[in-house]
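The structure appears right after this line, and notes come after that.
Worth knowing before you read on, the calculation uses all heavy atoms, side chains too, and leaves out hydrogens, waters and symmetry mates. Chain identifiers are assigned alphabetically (A, B, ...) following the order of the sequence lines, protein sequences preceding nucleic acid strands; residue numbering begins at 1 within each chain.
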There are 2 protein chains.
Amino acid sequence: MKPTLQTVADAVGVSRSTVSNAYSRPDQLSPALREKIHEAARRLGYPGPDPTARSLRRGRVGAIGVLFTSALSYAFTDPYAVLFLRGVAESAERHGSGLLLVPLSEADEQAGIEAVRNAAVDGFCVYCVPASHAALDVTRSRGLPLVAAERPVEPGPDSMYVGIDEAAAARTVGSHLARLGHRRVAIVSDLLVAERRTGPVALDGPADIRYDVDVTRERLRGFAEGLAEGGVGWSDLFLVNAGTNSRAEGARAAGYALDRADRPTAVLAITDLLALGVLDALATRGLGPGRDVSVTGFDDIPEAAAAGLTTIRQPAVEKGAIAGRLLLDPPEDPAARQVLLPTDLVVRASTGPVERK
Amino acid sequence: MKPTLQTVADAVGVSRSTVSNAYSRPDQLSPALREKIHEAARRLGYPGPDPTARSLRRGRVGAIGVLFTSALSYAFTDPYAVLFLRGVAESAERHGSGLLLVPLSEADEQAGIEAVRNAAVDGFCVYCVPASHAALDVTRSRGLPLVAAERPVEPGPDSMYVGIDEAAAARTVGSHLARLGHRRVAIVSDLLVAERRTGPVALDGPADIRYDVDVTRERLRGFAEGLAEGGVGWSDLFLVNAGTNSRAEGARAAGYALDRADRPTAVLAITDLLALGVLDALATRGLGPGRDVSVTGFDDIPEAAAAGLTTIRQPAVEKGAIAGRLLLDPPEDPAARQVLLPTDLVVRASTGPVERK
DNA sequence: TTGAAAGCGATACCAA
DNA sequence: TTGGTATCGCTTTCAA
């Protein structure tokens, strides 16, 4: 039988309350008694108040939940996600809270719902989950503080949110390439369509927005608007869907564009990870980035610099840190609950003027 | 007032038990009543059974805790740690459990202890925590399943453990270099001494083992034994402590060795991350890896291959996955509770024969 | 198939 | 400073 508060109380000959105080409010006790209690606890192998019972009573758990689409392990595969998580972790740590990673399996939606229902947390951080995911409703219904990274989950003046102006940032990429003279342009992105396949897709235009993840849509819209400044129309864009946000699929997706007769002079990837794959695809074909084909990414993960990738820099760690802070200590002022972070276009060697042959 | 089971029960006009059954054992109810209950719950905004209360009653939480030394955010900084975590996450996900990251701050030991005490989990995975850390005792005292990665936390026949033969693996590194003719050798490692500073240190020898983290000690012992095969004695080794296990500190630490008058012909780093830093230091000085100075790492993180680093490959993701599995479903057979994984010496371009000038 | 009652282990208020 | 008592919200026999 595992020892409980009661066990210790009986052993010492005091009440439960007193033992509880010995742990939770040491100053409410005479040092002598406190020591006596701790000593007895040690002797009996009492590990201290049960966290679950304590949480139930206190109404506070001491952990925040982070929701992830796709496999939980994805969190550790995408460098950008890792940076974001790291920021969240820093805030949580400072606050003495743990970080509960909530699996949101793609294959089994019901499992994700259960996971959210069962998550013992004080608040949720939603990161890059498709708006249609049923688990989002469940998350909201938990009635806990909720902060969305990338996109407001619950529209409304007091919903919490930390993100960037995706479209505006993407627009700078588009106009950068437009100014360089690019007219034949391909875009590589995941989540363009519901299916997880890699290959060209046709979309009617930015007006016909059916993408599920707002980030995708907004970036795409930005790309298109920026390129339009150079006269590149929507119909001039060659869209390739990537099955997953990974380097390998980025390379595969790029292949569909690069192997066309009228090869694009620029490939815009919607994430750095995909862009690195695009660079791989160039290398395979003996094409020079920024010379034969310009390539851009988005996020500015550490690898991007080494690869000389032109991309959008956004403060990933800081974004996570802010998300954590909002969650653990929601500001009174509604205006402070919605944070928009700055971004920069970082121009490196992977983009250059289109060659006039 | 937040709705509870009771709220719903009252609304429908049934007892709490019945509502509880509607959620936890749907088959114990007539479909009609069940639907009626769910409908009422929806209407009242009842999010389903409270996870904390449920955990308390059931005695099971549905999450496993992972302990990390140093800042919690370190988990996301070290590529090897990320791989390991990913394995743990995969196992947890398959089991429908969450992953609670437990911060074990270095600065504030008491905070770490509290974090362990408060962690609502069904088991702990201890990863690379110094044996002396007070939180370890607390972890053990929780009386939950406990699996150690890297090193048995609670010695004993039924303690759970997944790791590699650190010393044997390190020995292959040492003898590899010995065979290549290296006699002036430096070792770069974190945790050689208690202080977190970067710089040369003197240790009496592998016999005088005072390192806190067993992994460090074992690898060091292996290095020494392997090198001894070529006649390199302990006193011939130049030891440099790295303040943290990071690329930057690896580079700094390497500087102390590389800038000596009698520059070593080989630098053994105790992790790949440090080794990458050593390579950086070589590059800064215009020295060629494997030519002017041989460099080895340990772990074989993805970046190692690209850098052409000779290193020890160990199955990081699998290690994590096994740790998770042991925790969530401890095998009856005591022998199956201790898993030793295979390792390989991967020879790449960063090591070569010593130049006879 | 449904309900009544007994906890799970702890905390907090209020007296003493 | 210490103790009594009433919960926290749910699950689980055991009867009905």
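Comparing D:dT12, D:dG9, C:dG3 against the side chain of A:L56 picks out D:dG9 as the nearest. Taking every side-chain heavy atom of B:L5 into account, D:dT11 is the closest of C:dA4, D:dT12, D:dT11. Of the candidate nucleotides C:dA10, D:dT2, D:dG3, C:dA10 has the atom nearest to the side chain of A:P49. Closest to the side chain of A:T4, out of D:dG9, C:dT11, C:dA10, is C:dA10.
Under 4.0 Å is where a charged nitrogen must lie from a carboxylate oxygen, and between B:R42 and B:E39 no such pair does. Classification of B:R325 and B:E318 as a salt-bridged pair fails, no side-chain N sitting under 4.0 Å from a carboxylate O.
The base of D:dT12 lies outside donor-acceptor range of the side chain of B:R57, with no N or O pair under 3.5 Å. At a cut-off of 3.5 angstrom, the base of C:dA12 holds at least one donor-acceptor pair with the side chain of A:S17.
The phosphate of C:dG9 (OP1 or OP2) has no side-chain N or O of A:Y23 nearer than 4.0 angstrom. Between B:S30 and the phosphate of C:dT2, there is a side-chain N or O to OP1/OP2 separation shorter than 4.0 Å. Using a 4.0 Å cut-off, some side-chain N or O of A:R54 falls inside it from OP1 or OP2 of C:dT11. Phosphate proximity of D:dG3 to A:T18: present, with a side-chain N or O under 4.0 Å from OP1 or OP2.
A parallel orientation is assigned to the rings of B:Y127 and B:F84, their planes being inclined by less than 30° (bins at 30° and 60°).
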Starting from the C-alpha separation in whole Å, work towards a yes-or-no answer on side chain to side chain donor-acceptor pair (under 3.5 Å) for B:R25 and B:S20.
-> CA-CA 8 Å; B:R25 326 165 127 190; B:S20 173; over 6 Å; no
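Per the geometry, CZ belonging to B:R117 stands 18 Å off P belonging to C:dG9, to the nearest Å. Remark: P of D:dG9 and CZ of A:R60 are 17 Å apart, rounded to the nearest angstrom. For B:D50 and D:dT7, the CG to C1' distance is 14 Å, given to the nearest whole Å.
Checking B:G13 against B:R58, the closest nucleotide of DNA chain C that is more toward the 5' end is the one next to B:G13.
Counting non-hydrogen atoms under 4.0 angstrom, A:S24 reaches the backbone sugars and phosphates but no base.
You'll find the side chain of B:L328 reaches within 4.5 Å of the side chain of B:S97, heavy atoms only.
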